[in-house]
Amino acid sequence: MSGPDADAAALSEQLRACQEAARRRLREHVGAIGRAVRAPLADVLRDHALVHLPPAAAARLRLVHPSWARALASPLFAVSHAAAPRRASGLFVAAPDPGLLFLPLDAADTVPSPPLAFLPASSAPAVLSSSHGVACCFSPADDAYFVCNPATGSWVGVPCPPCRITWPRPAIVVLFDASVYNFGGDFMLACAFESAPGSGIYCFAVFTSVTGAWWVADAVAPAEGLIPASGVAASGVAWWRTSIGTAIGYSPVTGRVELAVCPGDSAHWEIGSAAGKLHCAVLADGDVVVFRLDGHGGWEVAATVPVAEILQRPWQAEPAHELADSSSSPSDDGENRAEQDRTGAITAAARRFWMPRDDVRLLPFQGAEVEVVVLAGRRVVAFEPATRRRRETLLPEQPGGTDWGAAAYAAHTNTLALVARVVLMEPPDDQEEVAS
């Protein structure tokens, strides 16, 4: 056979081979579906649900079955748990007594030791920052630094940065890669410090668990009024906000410095991370507006929510600020009531009432989705604009009238993330201690 007949036969053979391969793949998919359908429910929960539970809840399920205990003890499960998207668990708060407390936003998602008593510190440490369940802590009494997982109690000591810190709270951000390839729990620390006291020019020191040593980067940035307690990690970049309405970011991987300007009132704003990107929340005319960094140094609106909705407070009448004419006739009042029925209570109330300006403070936030966190008195409320779900907790009463609005807060998400062991190394020869 030759010529066109041979070509047709070859083409037919290729077509039959492709059809047979397609049938084989279909049979494999059907078989996999069948095995998944016939799989015991316990195995399905173990393989697909446990990774989304808080660490405390997952630990209680070790006794369900030996296979569950083995799965929960696996390092691969710890890596998957750290990489799973989840909401923030709560906030670490610097309190007068006992010095540090953990404020859970969900009662079931707390830490075994809120003051982190497992750390070898002579006094309660300060939580400088947190990323994917890994926190960087500082003990002022011991001048000691630790990186730990508050949910599991694992920790490692790290040396002091080469710059001498003169303020009570160092500006250090922990950067943790929560991808499934970080099997060892490796992390980085980025420390911002002034090149000279009062200069407003900041340098950056970097520590990695792989090298076991600090080094001072070449990058510098103008960051007058940098707020050490505002540090947050987003997309591998350490960010801090300043008192002059800017946010400074430094990437230890690329060595680049980024600058973003507050898109609103810089007296009432806070930065945080959501879905791995830097966000900021700004108070504006009774609303909280959340902006997302667009990758070009600018901001785009991600969400807007009224403070009244976050705090679930009723609209209150205020005759002195009524927008309607006070001399309106009874017929006008009837029309207003009809309009309220048509457009809803909030719209009508907005025309005739005002919401008093609440003495609220925006707090740091982190998680897979945008979640606004505000402080009002002793109330801490977390509100998710996309789902309109809210979580609320209450700060404890403290003797002497503690001003919770002046306390330092650090957002934290509980995970089973591993913390790499650090083999301390000598700093490079060209690195000398920097006095600041």
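Note that these values count all heavy atoms, side chains included, but never hydrogens, waters or copies made by symmetry. If you read the sequence from its start, that first residue is 1, and numbering goes on from there.
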Residue pair Leu128, Arg169: steps toward the side chain to side chain contact (heavy atoms under 4.5 Å, CB included) verdict: CA-CA 8 Å; Leu128 305 179; Arg169 185 186 181 97; 3.8 Å; yes
Spacing of Thr211 atom OG1 and Met188 atom CE [to the nearest 0.5 Å]: 10.0 Å
Side-chain H-bond candidate by donor/acceptor type, Ser251 with Glu258, under 3.5 Å: no
Aromatic plane relationship, Phe365 with His279 - under 30° parallel, 30 to 60° tilted, over 60° perpendicular: perpendicular
Flag, side chain of Ser74 to backbone of Leu76, donor-acceptor distance under 3.5 Å: yes
Side-chain (Ser230) to main-chain (Trp240) donor-acceptor, under 3.5 angstrom: no
Reported CZ-to-OG distance for the pair Arg292 and Ser273, which is rounded to 0.5 angstrom: 13.5 Å
Nearest non-hydrogen partners of His412 and Gly133, listed with the distance: CE1-O, 3.5 Å
Distance-only polar pair, side chains of Asp186 and Ser209, donor-acceptor under 3.5 Å: yes
Within-4.5 Å side-chain heavy-atom neighbours: Leu375 and Tyr409: yes
Nearest heavy atoms of Ala69 and Arg62, plus distance in Å: CB-O, 3.5 Å
Short side-chain to backbone donor-acceptor contact, Asp359 and Gly377, under 3.5 Å: no
Arg421 side chain to Gly184 backbone, donor-acceptor under 3.5 Å: no
From Ser243 atom OG to Ile227 atom CD1, the distance as rounded to the nearest 0.5 Å: 5.5 Å
Non-hydrogen side-chain atoms of Val373 and Glu270 separated by less than 4.5 Å: no
Value rounded to 0.5 Å, distance of CG in Leu175 from OG in Ser129: 7.5 Å
Donor-acceptor under 3.5 Å (Asp265 side chain, Ala267 main chain): yes
Distance in Å, Glu20 CD paired with Arg25 CZ, rounded so as to fall on 0.5 Å steps: 10.5 Å
Minimum heavy-atom distance between Ala410 and Val127, given as atom pair plus value: CB-O, 3.8 Å
Expected output: side-chain Asp177 to main-chain Asn182 donor-acceptor under 3.5 Å: no
Ring geometry between Phe102 and Phe92 (parallel below 30°, tilted from 30 to 60°, perpendicular above 60°): tilted
Residue that, paired with Leu362, satisfies side-chain contact (heavy atoms from CB on, under 4.5 Å) out of Ile271, Val282, Val374, Val290: Val374
pair Pro120-Phe146: side-chain heavy atoms closer than 4.5 Å: yes
Residues, nucleotides or ligands: over 12 heavy atoms within 6.0 Å of Arg256 CZ: no
Exam field: side chain Asn149 to backbone Ala417, donor-acceptor pair closer than 3.5 Å: yes
Verdict with reasoning, Glu309 to Arg388, per salt bridge (Lys or Arg N to Asp or Glu O under 4.0 Å): CA-CA 9 Å; Glu309 184 177 0; Arg388 322 309 284 187; 2.7 Å; yes
Full working for side chain to side chain contact (heavy atoms under 4.5 Å, CB included) between Arg391 and Glu371: CA-CA 10 Å; Arg391 299 182 290 165; Glu371 191 172 35; 2.8 Å; yes
Verdict with reasoning, Val422 to Phe207, per side chain to side chain contact (heavy atoms under 4.5 Å, CB included): CA-CA 11 Å; Val422 175; Phe207 176 89; 3.6 Å; yes
Gly225 backbone acceptor or donor facing Thr242 side chain under 3.5 Å: no
Nearest heavy-atom neighbours spanning Ala221 and Val257: CB-CG1, 3.5 Å
Donor-acceptor contact below 3.5 Å, side chain Arg378 vs main chain Leu395: yes
Exercise: identify the closest heavy-atom pair between Ser130 and Ala411: CB-O, 3.3 Å
Val360 vs Leu311 side-chain heavy atoms within contact, under 4.5 Å: yes
Leu189 vs Cys136, side chain to side chain contact (heavy atoms under 4.5 Å, CB included): CA-CA, chis, key distance, verdict: CA-CA 8 Å; Leu189 302 177; Cys136 178; 4.1 Å; yes
Within 6.0 angstrom of Glu384 CD, more than 12 heavy atoms from elsewhere: yes
Partner of Tyr145 by side-chain contact (heavy atoms from CB on, under 4.5 Å), out of Ser139, Pro159, Pro161: Pro161
Heavy-atom side-chain proximity of Val232 to Pro364 below 4.5 angstrom: no
Arg87/Glu369 salt bridge by N-O under 4.0 Å criterion: no
Sole residue of Ile248, Leu278, Val173 in side-chain contact (heavy atoms from CB on, under 4.5 Å) with Trp239: Leu278
Thr304 versus Asp287, side-chain donor and acceptor atoms under 3.5 Å: no
Heavy-atom side-chain proximity of Val237 to Pro252 below 4.5 angstrom: no
Between Arg389 and Thr387, a side-chain donor and acceptor under 3.5 Å: yes
Parallel, tilted or perpendicular: ring planes of Phe77 versus His81, cut at 30 and 60 degrees: tilted
Residue pair Leu226 / Tyr202, side-chain heavy-atom distance below 4.5 Å: yes
Parallel, tilted or perpendicular: ring planes of Trp299 versus Phe291, cut at 30 and 60 degrees: perpendicular
Residue of the set Thr413, Thr415, Leu105, Leu103 for which side-chain contact (heavy atoms from CB on, under 4.5 Å) holds with Ser89: Thr413
Spatial distance of atom CG (Leu91) from atom CD (Gln366) [nearest 0.5 Å]: 8.5 Å
Cys148 to Cys137 - nearest heavy-atom pair and separation: SG-SG, 3.8 Å
Any side-chain heavy-atom pair of Leu418 and Ser154 under 4.5 Å: no
Main-chain N/O of Ile201 paired to Glu194 side chain as donor or acceptor, under 3.5 Å: no
